[in-house]
Amino acid sequence: MQDQDKVWIFDTTLRDGEQALKASLTEEDKIQLAHTISRLNVDVMEVGFPVSSPADFRSVQRIATEVKGPIICGLARAVAKDIEACGEALRTAQQSRIHTFIATSPLHLEHKLRMSLDDATTMAVKSIKLARNYTDDVEFSCEDAGRTPHWDLCKIVEQAINAGASTINLPDTVGYVTPDEYAAMIRHLMNNVPNIDKARLSVHCHNDLGLAVANSIAAVQAGARQIECTINGIGERAGNCSLEEVAMIMQMRQDHLKVHTDIRSEEIYRASRQVAKICNMPVQPNKAIVGENAFAHSSGIHQDGVLKAQNTYEIMSPESVGVPNNQLNMTSRSGRHVIEHRLEELGYQKSDYDMDSLYESFLTLADQKGTVYDYDLEAMIYFNQISDKDDKYQLEFVNSTSNSQSVASSTIGMTINGESKQEAATGNGPVEASFLAIERLTGMAVEMIEFNLEATGEGASSLGEVNIIAKYDGRPYHGAGIAADVVEASVRAMIRVYNLIYRAQKVSDLKQQRKAG
């Protein structure tokens, strides 16, 4: 028997969230994030749009094979080739769902699809029946439901459920409706679709007017029992409904809302940090639940109140969402067991990192800056995970000089396909000089789109984290690097870009060979 008070959490960070990124995630990035999202105990994880590209198909296929726990879902338009690609990509999943959609608003039907609602209903029914050949779990979405007349929604939803859809999603695709309007739409369908009891109503809200979370909660109060959302609210335009916000609202206000989720809230903070880093989308400091100021108190009155009784100014504890409650500062004398213990306290499992490579990086950093902090450890885990010993380009050394009275210069040592090479260059600063040296070593020039430098940690001993978006052959690539030295961090980020270009070229060559064969 289904729990009528449970709200299902449908995470679409790897599908809708990824669409907003300036550079696509690599397959390994997606696998890493899928495991992280799985640990949140989401009910459904939408991980891609398999028909969109061979790379997306492979990512969905790997996640379906490797990630256990949530229902693994793929997106498909209401056309046969999309449904078939989705079904094939999800074939190895323990539990799978095909999510198919078609637009239903008069605006979309007239200008985008150029068809009638009856035609759209026919396509929806056919696609749902086809999807049922691959899985019993089919979700149907009425794209732009927020601007669709309620009786039109009733008509297509009834037919979709009759065709075999077990979840009906009603998206506010452009973030247009208000909470009272959204709740009214849910209630109208609950009261006027005769077979509505055979499906779970779902909502998918965008944040164009800042109402995604409010609309989602209003829909739940009206009877919806699935919320589609993303970690940190990332997504198209102004983003999606924020997973961490709706999860904690329902946890903290269960007395009022009378519903619950199965989310492991103590995993929220770590998941947020990982999504922010891998997706190169920093979290704003005052972001609810996961922002760095979410549990900070500056006012003397507030500080005094929290010291006397924490709940005077904190409605939830930092620990309830996984924020570490203390810092453990480590040095080169800290052994492996100390690092392992601290990472366990921070929410990491042994499978999340390779201790040998992590410990090697730890000792190097400890020798450079003396004390290694929690944020250093987390940064090293991420950057060790994205590095690959089989990379074509690997950094050996950086030697740069710069002063106010002469041109900056840099010498870069790299191994290229296992062969050591060096090159020097000058530039308007040590970073530009280093990039020109790398360009000479690789024989490839990239177009710099974005360069961001951030300090990971606090004070003069912070690590420098560099994120680059560079374009080559019309395609953007994201490179990240971290080091105690800003120039070295920049070089590592740029070499990451070149390795991604190399991998993309290998994939392209293989595709050409298959076509020729």
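- Under the 30°/60° scheme for interplanar angles, the aromatic rings of His206 and His204 are found to be tilted.
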(request) Please assess Gln251 against His260 for the test side chain to side chain donor-acceptor pair (under 3.5 Å), listing each intermediate value before the final yes or no. (result) CA-CA 6 Å; Gln251 179 173 312; His260 65 90; over 6 Å; no

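- In terms of heavy-atom proximity, Phe140 sits nearest to Ala160 at CD2-CB, 3.6 Å.
- Using a 4.0 Å cut-off between charged side-chain N and carboxylate O, Asp391 and Arg503 make a salt bridge.
- Checking side-chain atoms of Asp16 against main-chain N and O of Gly235 turns up no donor-acceptor pair under 3.5 Å.
- At a threshold of 4.0 Å, the pair Arg15-Asp56 does not count as salt-bridged, since none of the basic side-chain nitrogens sits closer than that to a carboxylate oxygen.
- Looking at Ser96, its side chain never comes within 3.5 Å of a backbone N or O of Ala93 through a donor-acceptor pair.
- Between the Asn207 side chain and the Ala212 main chain, a donor and an acceptor come within less than 3.5 Å of each other.
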(message) side chain to side chain donor-acceptor pair (under 3.5 Å) for Ser242 and Glu244? Distances and angles first, verdict last.
(response) CA-CA 6 Å; Ser242 166; Glu244 61 276 6; 2.7 Å; yes

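- For Asn195 (side chain) and Glu158 (main-chain N/O), a donor-acceptor pair under 3.5 Å exists by modelled atom type.
- Side-chain contact of Asn232 with Ser272: a donor-acceptor pair under 3.5 Å is present, judged by distance alone.
- In this structure, CG on Asn191 lies 12.0 Å from NE2 on His150, to the nearest 0.5 angstrom.
- The pair Arg147-Asp172 fails the salt-bridge criterion, with no side-chain N (NZ, NE, NH1 or NH2) lying under 4.0 Å from an Asp/Glu carboxylate O.
- Each of Val42, Val44, Asp43 was scored for a side-chain contact (heavy atoms from CB on, under 4.5 Å) with Pro70, with one residue passing: Val42.
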(request) Given side-chain contact (heavy atoms from CB on, under 4.5 Å), test Gln95 with Lys68 step by step and report yes or no. (result) CA-CA 9 Å; Gln95 302 177 87; Lys68 311 301 179 187; over 6 Å; no

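- Across all their heavy atoms, Ala80 and Leu130 have their closest contact at CA-CD2, 3.7 Å.
- The side-chain heavy atoms of Ile31 and His35, taken from C-beta on, include a pair separated by under 4.5 Å.
- Note that the CG atom of Asn467 and the CD atom of Glu450 stand 8.5 Å from one another [nearest 0.5 Å].
- Atom NZ of Lys6 is surrounded by more than 12 heavy atoms from other residues, nucleotides or ligands within 6.0 Å.
- In this structure a side-chain-to-backbone donor-acceptor pair under 3.5 Å is missing from Asp5 to Val259.
- Applying the 6.0 Å contact sphere to CD of Glu344 captures no more than 12 heavy atoms from other residues, nucleotides or ligands.
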(message) Evaluate Thr122 against Asp119 for side chain to side chain donor-acceptor pair (under 3.5 Å), listing each step before the verdict.
(response) CA-CA 5 Å; Thr122 299; Asp119 292 335; 5.3 Å; no

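- Phe57 and Pro50 make their closest contact through CB-O, 3.5 Å (heavy atoms, listed as atom of the first residue, atom of the second, distance).
- For Thr104 (side chain) and Thr148 (main-chain N/O), no donor-acceptor pair under 3.5 Å exists by modelled atom type.
- Taking the centre and axis of the six-membered ring of Tyr348, the NZ or CZ atom of Arg270 falls inside the cone set by 45° and 6.0 Å.
- At least one side-chain heavy atom of Ile501 sits less than 4.5 Å from a side-chain heavy atom of Val497.
- In summary, of the residues considered (Arg62, Gln61, Gln32), a side chain to side chain donor-acceptor pair (under 3.5 Å) with Glu27 occurs for Arg62 alone.
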(message) Would Ile482 and Val466 count as a side-chain contact (heavy atoms from CB on, under 4.5 Å) here? Give the steps.
(response) CA-CA 6 Å; Ile482 192 165; Val466 172; over 6 Å; no

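- With contacts defined as side-chain heavy-atom distances shorter than 4.5 Å, the pair Ile468/Tyr477 does not qualify.
- Under a cutoff of 6.0 Å and an axis angle of 45°, Arg200 and Trp8 form a cation-pi pair.
- Considering every non-hydrogen atom in both Ile102 and Ala78, the closest pair reads CB-CB, 4.2 Å.
- Scanning both residues, Arg77 and Val51, for their nearest heavy atoms gives NH2-CG1, 4.2 Å.
- A 4.5 Å side-chain heavy-atom check between Thr12 and Cys229 finds every atom pair outside the cut-off.
- To the nearest 0.5 Å, atoms CG (Leu170) and CG (Leu189) are separated by 5.5 Å.
- Considering all non-hydrogen atoms of both residues, Met190 and Ile196 come closest at O-CG2, 3.7 Å.
- The neighbour count for Lys112 NZ, taken as heavy atoms of other residues, nucleotides or ligands under 6.0 Å away, is above 12.
- Note that CD1 of Ile231 and CD of Glu267 are 10.5 Å apart. Values are rounded to the nearest 0.5 Å.
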(message) As a quick check of understanding, evaluate side-chain contact (heavy atoms from CB on, under 4.5 Å) for Ile227 and Ser202, giving each step before the final call.
(response) CA-CA 6 Å; Ile227 294 177; Ser202 170; over 6 Å; no

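- Using modelled atom types, one side-chain atom of Ser265 and one backbone atom of Ser320 make a donor-acceptor pair closer than 3.5 Å.
- Classified by interplanar angle (parallel below 30°, tilted 30° to 60°, perpendicular above 60°), the ring pair His188/Trp151 is perpendicular.
- Not a single donor-acceptor pair under 3.5 Å links the side chain of Ser141 to the backbone N or O of Glu143.
- Atoms CD and OH, from Gln221 and Tyr182 in turn, are 14.0 Å apart once rounded to the nearest 0.5 Å.
- A donor-acceptor distance shorter than 3.5 angstrom exists from the side chain of Asp11 to the backbone of Thr13, with no hydrogens or angles considered.
- With rounding to the nearest 0.5 angstrom, the CE atom of Met185 is 10.5 Å from the SG atom of Cys154.
- Side-chain contact between Val275 and Thr36: absent, with no pair of heavy atoms (C-beta onward) separated by less than 4.5 Å.
- Looking at Lys287 and Gln284, their side chains come closer than 4.5 Å, going by heavy atoms from C-beta outward.
- By the 4.5 Å heavy-atom criterion applied to side chains, Leu343 and Leu358 are counted as neighbours.
- With hydrogens and angles disregarded, a donor-acceptor distance shorter than 3.5 Å links the side chain of Thr100 to the backbone of Ala76.
- A salt bridge links Glu88 and Arg91; the closest N-O separation between the charged side-chain nitrogens and carboxylate oxygens is under 4.0 Å.
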(request) Evaluate side-chain contact (heavy atoms from CB on, under 4.5 Å) for Val67 paired with Met45, printing each intermediate quantity in order. (result) CA-CA 10 Å; Val67 179; Met45 189 192 307; 4.2 Å; yes

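- Classification of Lys350 and Asp352 as a salt-bridged pair fails, no side-chain N sitting under 4.0 Å from a carboxylate O.
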(request) Test side chain to side chain donor-acceptor pair (under 3.5 Å) on Thr178 and Asp180 and set out the steps. (result) CA-CA 6 Å; Thr178 59; Asp180 59 319; 2.5 Å; yes

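- In this structure, the side chains of Val203 and Glu228 stay at 4.5 Å or more apart for every pair of heavy atoms.
- A donor-acceptor pair shorter than 3.5 Å cannot be found between the side chains of Thr121 and Asp118.
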